[in-house]
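Working notes, beginning with the structure itself.
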Amino acid sequence: MVIGAGLIGSEVASAARARGMSVVLLDVQPLPLVRAVGLEAGRICAALQRQAGTDLRVGVEVEALESHRGHVAAVALRGGTTLAADLVVVDRGAQPATRWLIDSGIMLHPNDGGIVCGPDLRTSVPDVLCMR
């Protein structure tokens, strides 16, 4: 079971499937990697995960991990569903470390605080470029 369909979670799920493991991939977002790649590419990522045999469940919220004798035994979802699990990997995600840029004039994304840049990698400040 993989909680979080961001970059790391999606990669872990893909690697596990490539090794013949059954995988349930959970995410609160509507599509895997949607924050990083947007809706269109997120749809493609979802289709690829499903084609590989991953049980992808998006728009779900994990409420708790349940244990038995000191080991994870299940993942409880909000709404009452409980999924048995032998192993759980959590992709917690990352937060941009950009607080120091708040008064710099560089536009920061309202959702995650990441630096907003255009297709030419320019920020809202002349001669300041993003690195991707």
Side-chain angles (χ1 to χ4, degrees):
M1 174 108 31
V2 179
I3 300 171
L7 182 62
I8 299 300
S10 293
E11 183 63 25
V12 167
S14 295
R17 284 297 306 140
R19 286 163 180 77
M21 297 175 183
S22 71
V23 177
V24 177
L25 177 57
L26 307 171
D27 202 291
V28 69
Q29 298 296 323
L31 293 164
L33 291 159
V34 70
R35 289 177 56 206
V37 300
L39 290 172
E40 188 174 333
R43 285 187 200 98
I44 294 168
C45 292
L48 290 170
Q49 286 288 0
R50 289 185 173 118
Q51 287 170 8
T54 299
D55 179 356
L56 175 63
R57 301 183 190 199
V58 292
V60 297
E61 188 173 335
V62 173
E63 193 167 80
L65 298 179
E66 298 177 2
S67 65
H68 179 71
R69 295 184 179 164
H71 298 282
V72 173
V75 175
L77 303 180
R78 187 169 306 269
T81 301
T82 300
L83 306 169
D86 296 321
L87 173 71
V88 175
V89 175
V90 179
D91 172 7
R92 190 176 178 298
Q95 286 294 108
T98 56
R99 292 182 71 172
W100 61 281
L101 293 171
I102 288 174
D103 294 321
S104 69
I106 293 177
M107 184 184 301
L108 302 177
H109 197 279
N111 289 342
D112 66 4
I115 298 171
V116 175
C117 60
D120 59 357
L121 301 181
R122 295 195 182 279
T123 70
S124 56
V125 173
D127 300 322
V128 176
L129 304 176
C130 292
M131 298 299 290
R132 288 194 185 191

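What you see is a predicted model; the values in this text were computed from it and never measured.
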Taking all atoms of both residues into account, what is the closest heavy-atom pair of A46 and L31, and its distance?
CB-CD2, 4.1 Å
List the atom of T98, the atom of G114, and the distance in Å for their closest heavy-atom pair.
OG1-N, 4.5 Å
Starting at [atom1] of [X], measure out to [atom2] of [Y] and round the result to the nearest 0.5 Å.
X: I44; Y: Q51; atom1: CD1; atom2: CD; result: 10.5 Å
X: I115; Y: L108; atom1: CD1; atom2: CG; result: 6.5 Å
X: M1; Y: S22; atom1: CE; atom2: OG; result: 9.0 Å
X: C45; Y: R50; atom1: SG; atom2: CZ; result: 11.5 Å
X: R57; Y: L77; atom1: CZ; atom2: CG; result: 7.5 Å
X: Q95; Y: D112; atom1: CD; atom2: CG; result: 6.5 Å

Establish whether [X] and [Y] are linked, either directly or via other cluster members, by ILVMFWY side-chain heavy-atom contacts under 4.5 Å.
X: L33; Y: V58; result: no
X: I8; Y: V23; result: yes
X: V60; Y: V90; result: yes
X: V24; Y: V88; result: yes
X: L7; Y: V37; result: yes

When you measure from the side chain of [X] to the backbone of [Y], do you find a donor-acceptor pair of N or O atoms at a distance under 3.5 Å?
X: D27; Y: P32; result: no
X: R17; Y: M21; result: yes
X: S10; Y: G6; result: yes

Apply side-chain contact (heavy atoms from CB on, under 4.5 Å) to A76 and list each qualifying residue two or more places apart in sequence or on a separate chain.
A64, E66, T82
Side-chain contact, heavy-atom cut-off 4.5 Å: V62 with L26?
yes
Measuring only between side-chain heavy atoms, which start at C-beta, is L65 closer than 4.5 Å to I3?
yes
Given the rule in the side chain to side chain contact (heavy atoms under 4.5 Å, CB included) test, do L39 and V34 qualify, once you have shown the distances and angles that lead to the verdict?
CA-CA 6 Å; L39 290 172; V34 70; 3.7 Å; yes
Could you check D91 against V12 for side chain to side chain contact (heavy atoms under 4.5 Å, CB included), going step by step and ending with a plain yes or no?
CA-CA 9 Å; D91 172 7; V12 167; over 6 Å; no
Looking at I106, V128, T123, which one forms a side-chain contact (heavy atoms from CB on, under 4.5 Å) with L101?
I106
